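These figures come from a predicted structure and were not determined experimentally.
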Amino acid sequence: MAVYVEVIRGTPLMVQATVIYYGTMSIWGLDIPSFSAGILALSLHIGAYFSESVRGAIGGIDKGQMEGGQAIGMSYLQIMLHVIIPQAFRNLIPQIGNTYVSAIKDTSVLNVIAVTELYFTARTVTGTYYKFFETYCIVSLIYFVCTFVISRLLKLLEKFMAGSSNYELITESEEEVSK
């Protein structure tokens, strides 16, 4: 796993897509469609970055959380499912947003293996109609809308995970009075 993460994070997506698309044909004789090769390359690329984000989020949880779960008799699986992962997920939400936004923008790189995506289509339109400025303004707007929507949805999720902002703190003296 560590080798996969290091190799993928240490090489550009453009090179990965080219190796996957042309390499599968030359090494194994597989003629996979460029779109499938693009999805595979993008998935492997984003997966490597995302796995490091998850590892960091789980590693960032205080060891006392694990010890506390063990102290009350929880199993390792129970501690992970009910204590560690919910906290890690909350810390991971901003990174999920960054990863998805990056994935959307990285699709433009896949034109090197002839994947017909937004940038590739824009190049075709500009070559046909010679409307460079207008075409790339529209492409920029489409990318912006896609990334903006994902960012806002994740902000809503982050706000939901944060809980209510109107908690009432009860001091010890108030607890004793209520008993």
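Tyr21 approaches Ala37 most closely through the heavy-atom pair CD1-CB, 3.7 Å. In plain terms, the two heavy atoms of Val7 and Thr11 that are nearest each other are O-OG1, 2.9 Å. Residues Gln87 and Gln65 share a closest heavy-atom pair of NE2-OE1, 3.1 Å. What you find for Ile79 and Gln70 is that their closest heavy atoms are CD1-N, 3.5 Å. Of all heavy-atom pairs between Thr107 and Ile104, the closest is OG1-O, 2.7 Å.
With hydrophobic clusters built from ILVMFWY side chains whose heavy atoms lie under 4.5 angstrom apart, Ile8 does not share a cluster with Val15. Val3 is not connected to Tyr49 by any chain of hydrophobic side-chain contacts under 4.5 Å among Ile, Leu, Val, Met, Phe, Trp and Tyr, and they are in different clusters. By the rule that hydrophobic residues join a cluster once side-chain heavy atoms approach within less than 4.5 Å of another member, Met1 and Met80 end up as members of separate clusters. With hydrophobic clusters built from ILVMFWY side chains whose heavy atoms lie under 4.5 angstrom apart, Tyr22 shares a cluster with Leu42. When the side chains of ILVMFWY residues are joined at heavy-atom separations under 4.5 Å, either directly or via intervening members, Tyr4 and Val19 end up in two distinct hydrophobic clusters.
In this structure, Met14 CE and Asp106 CG are separated by 10.0 Å, a value rounded to the nearest 0.5 Å. Separation of atoms CG (Leu157) and CD1 (Ile93) is listed at 4.0 Å; rounding is to 0.5 Å. In this structure, the separation between CE on Met25 and CG on Asp31 is 3.5 Å, given to the nearest 0.5 Å. Between Ile39 atom CD1 and Leu110 atom CG the span is 9.0 Å, to the nearest 0.5 Å. Rounded to the nearest 0.5 Å, atoms CD1 (Ile84) and NZ (Lys63) are 11.5 Å apart. The CG atom of Leu154 sits 15.0 Å away from the NZ atom of Lys159 when rounded to the nearest 0.5 Å.
A donor-acceptor pair is defined here as one N or O able to donate and one able to accept, closer than 3.5 Å; such a pair exists between the side chain of Thr126 and the backbone of Ala122. Gln95 places no side-chain N or O within donor-acceptor distance of the main-chain N or O of Phe50, the cut-off being under 3.5 Å. A side-chain donor-acceptor contact under 3.5 Å links Gln78 to the backbone of Ser75.
The pair Lys155-Glu158 does not meet the salt-bridge criterion, since no charged nitrogen lies less than 4.0 angstrom from a carboxylate oxygen.
Atom CZ of Phe35 has 12 or fewer neighbouring heavy atoms from other residues, nucleotides or ligands inside a 6.0 Å radius. Few gaps surround CZ on Arg123; more than 12 heavy atoms of other groups in view lie less than 6.0 Å from it.
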Exercise. Can Met66 and Tyr76 be said to form a side-chain contact (heavy atoms from CB on, under 4.5 Å), step by step?
Worked result: CA-CA 8 Å; Met66 180 66 80; Tyr76 178 79; 3.4 Å; yes
Problem set entry | Criterion side-chain contact (heavy atoms from CB on, under 4.5 Å) on Phe160 and Leu156, from CA distance to verdict | CA-CA 6 Å; Phe160 175 75; Leu156 285 173; over 6 Å; no
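Looking at Asn91 and Ile61, their side chains come closer than 4.5 Å, going by heavy atoms from C-beta outward. The shortest side-chain heavy-atom distance between Leu44 and Gln16 does not fall under the 4.5 Å cut-off. Taking the side chain as every heavy atom from C-beta outward, Leu92 and Ile58 never approach each other to under 4.5 Å. Considering only heavy atoms from C-beta on, His45 stays 4.5 Å or farther from Arg9 through its side chain.
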Using distance only, find each side-chain donor-acceptor pair of residues 111-118 under 3.5 Å and give its atom names and separation, not counting sequence neighbours.
| from | atom 1 | to | atom 2 | distance (Å) |
| --- | --- | --- | --- | --- |
| Asn111 | ND2 | Ser108 | O | 2.5 |
| Glu117 | OE1 | Tyr119 | N | 2.8 |
| Glu117 | OE2 | Phe120 | N | 2.7 |

Please tabulate, for side-chain N and O atoms in residues 138-153, each donor-acceptor pair with protein atoms closer than 3.5 Å (sequence neighbours left out).
| from | atom 1 | to | atom 2 | distance (Å) |
| --- | --- | --- | --- | --- |
| Ser140 | OG | Tyr136 | O | 2.8 |
| Thr147 | OG1 | Tyr143 | O | 3.0 |
| Thr147 | OG1 | Phe144 | O | 3.0 |
| Ser151 | OG | Thr147 | O | 2.9 |

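Pairs engaging residues 68-83 under the salt bridge (Lys or Arg N to Asp or Glu O under 4.0 Å) rule: none recorded [sequence neighbours left out].
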